[in-house]
Amino acid sequence: MKIKAAVARTVSGNFSIEDVDLADPRDEELLVKIVATGICHTDLSVVSQILPLPLPQVLGHEGAGIVERVGSDVKGIEPGDHVVLSFNYCGGCAPCTAQHLAYCDQYWFLNFNAGSTDGSATHKDANGERLGGAFLSQSSFATYALTHQRNTIKVRKDAPLELLGPLGCGLTTGAGTVLNVLKPGPETTIAIFGTGAIGMSALLAARNLDAGRIIAVDRVESRLELALELGATEVVNTAEQDLAAALEAVGGIDQGIESTGVPPVISTAADALKVRGTLALLGLSNVPQVTLNILPLISGKTIRGVAHGDCNPSVLIPQLVDSYLEGKFPMDRLSAFYPFEQINKAVADTNSGKTIKPILRMESEH
């Protein structure tokens, strides 16, 4: 079928809105009409080639929409259902059976294969040339997406669907890391390095768990002001303050969430950990190495990476939707909407720090 899609063709270049041919859904696939989709740093990391997937490609992996068709092998999801799209996983390997779905043995193949699992193209441009597609089993920078049952999460119809797409990745990454991995309590001092969508969603989750001290770290004053409104007990503006000195002044941290991917920030965060403290690494960077002081780490400290909040999307996404509707997870405070055709403006605004979580509305299609 003919769809509109934003195509990334050149390294660090703009997206182009193009007419694209989308393959028909197979027996195990669904066709979803995209209502809105978030823009995530992972999408932009492909454009900049921090994540070196082949271009041209149709990206997007925070889609929300309405199911239009289902394959014969799909169970429990019907046309008309409201859904949020997340990552795919095999369901049968050791990590999956242990409910650590983001660490699936087949994760890379199922999410970054740039096409169907049989190798065929999912997307072709107006000239019939193959485009990379099936990005995280969705490629939601488009008016329609092909998805799989495992990454298509039903949500309640009384929730604002156009707001929910970022739950597919960024918001569950931050919130899930707090809820599933760190689990802070009233005696915990937790620092959140970077107050983008991941950091802010982690902050909201830490507040909901009644973490004792929540320190937000950034260099954008408007984001730090919002962090205080959303529950941070204190902030550190690294444009004005020395980060190491500020963390030392509070007596160090029990836990840290690092979403900037900036090596000096990671090193400073690790140095600030108390005995048996934990630092969770969530950010991507074009500088892949970091320097750490080894001796202090031996005092029971843990530095670990976390993907997708180590969550089961079919469990966490509906929970966060409920929390939003109960006023406990105000993700609307993080979001700004853009028409699909303004995708490049949305990218520029997020790169500048103006927008925390840009969401593209497919306004011309519904």
Side-chain angles (χ1 to χ4, degrees), residues 1-9 15-40 42-47 49 51-74 77 83-91 93 96 101-102 104-126 128-153 165 168-170 307-308 313 340 343 360 362:
M1 63 182 294
K2 300 287 186 182
I3 67 170
K4 292 284 187 182
V7 181
R9 288 193 172 274
F15 291 92
S16 57
I17 305 294
E18 302 181 18
D19 293 318
V20 169
D21 284 317
L22 182 67
D24 290 330
R26 299 183 299 174
D27 290 345
E28 71 276 15
E29 293 177 332
L30 304 89
L31 178 68
V32 176
K33 184 175 184 178
I34 301 297
V35 170
T37 183
I39 298 176
C40 179
T42 303
D43 301 308
L44 306 184
S45 294
V46 177
V47 179
Q49 290 291 279
L51 187 60
L53 301 180
L55 300 178
Q57 186 143 179
V58 180
L59 301 169
H61 65 287
E62 292 184 341
I66 301 172
V67 176
E68 192 153 300
R69 292 165 57 189
V70 299
S72 60
D73 292 342
V74 175
I77 304 178
V83 294
V84 170
L85 309 180
S86 188
F87 63 92
N88 202 358
Y89 54 93
C90 77
C93 66
C96 284
L101 309 179
C104 171
D105 288 345
Q106 297 296 314
Y107 179 90
W108 188 269
F109 173 73
L110 292 173
N111 292 287
F112 299 133
N113 187 44
S116 295
T117 53
D118 64 3
S120 61
T122 55
H123 297 71
K124 292 183 179 180
D125 67 16
E129 298 294 326
R130 177 172 180 154
L131 299 169
F135 186 65
L136 276 93
S137 285
Q138 55 181 281
S139 288
S140 58
F141 287 171
T143 50
Y144 287 83
L146 291 178
T147 72
H148 288 257
Q149 181 159 350
R150 285 187 296 269
N151 76 306
T152 306
I153 313 302
C169 181
H308 294 289
F340 182 41
I343 183 172
L360 303 174
M362 308 300 170

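We count residues from 1, following the sequence as given.
In this structure, Thr152 contributes its side chain and Leu85 its backbone to no donor-acceptor pair below 3.5 Å. With Thr147 contributing its side chain and Gln138 its backbone, the two residues share no donor-acceptor pair below 3.5 Å. No donor-acceptor pair closer than 3.5 Å links the side chain of Ser45 to the backbone N or O of Leu51. No side-chain donor-acceptor contact under 3.5 Å links Asn113 to the backbone of Leu110. Checking side-chain atoms of Arg150 against main-chain N and O of Tyr89 turns up a donor-acceptor pair under 3.5 Å.
The two residues Ile343 and Ala6 make their nearest non-hydrogen contact at CD1-CB, 3.8 Å. Between Ile3 and Ala142, the shortest heavy-atom contact is CD1-CB, 3.9 Å. Residues Gln149 and Leu30 share a closest heavy-atom pair of N-CD1, 3.6 Å. Between Leu55 and Arg9, the closest heavy-atom pair is CB-O, 3.8 Å. Between Ser140 and Glu62, the shortest heavy-atom contact is OG-N, 3.5 Å. Across all non-hydrogen atoms, the minimal contact from Thr122 to Gly115 is CG2-C, 4.0 Å.
The distance from atom CZ of Arg130 to atom CD of Gln57, rounded to the nearest 0.5 Å, is 10.0 Å. Here the NZ atom belonging to Lys33 is positioned 8.5 Å from the OG1 atom belonging to Thr143, to the nearest 0.5 angstrom. To the nearest 0.5 angstrom, Lys2 atom NZ is 7.0 Å from Asp19 atom CG. Atoms OG and NE2, on Ser86 and His148 in that order, are 13.5 Å from each other to the nearest 0.5 Å. For the atom pair CG (Leu146) and CZ (Arg69), the distance works out to 9.0 Å, reported to the nearest 0.5 Å.
In this structure, Ile39 and Phe141 have side chains that are in contact, with non-hydrogen atoms separated by less than 4.5 Å. At a threshold of 4.5 Å between non-hydrogen side-chain atoms, the residues Phe340 and Ile34 do not count as touching. Side-chain contact check for Phe15 versus Val47: some heavy-atom pair is nearer than 4.5 Å. Asn88 has its side chain out of reach of Gln106: every pair of non-hydrogen atoms, C-beta onward, lies at least 4.5 Å apart. The side-chain heavy atoms of Glu29 and Ser116, taken from C-beta on, include a pair separated by under 4.5 Å. Val7 places none of its side-chain heavy atoms less than 4.5 Å from the side chain of Asp125. In this structure, Asp105 and Cys90 have side chains that are not in contact, with every pair of non-hydrogen atoms separated by 4.5 Å or more. A heavy-atom distance below 4.5 Å is not found between the side chains of Glu68 and Val32.
Below 30°, between 30° and 60°, or above 60°: for Tyr107 and Phe112 the angle between ring planes is above 60°, a perpendicular geometry.
For Arg26 and Thr117, the side-chain atoms include at least one donor-acceptor pair closer than 3.5 Å.
For the side chain to side chain contact (heavy atoms under 4.5 Å, CB included) test with His61, the passing option among Asn151, Thr37, Asn111, Leu136 is Leu136; the others fail.
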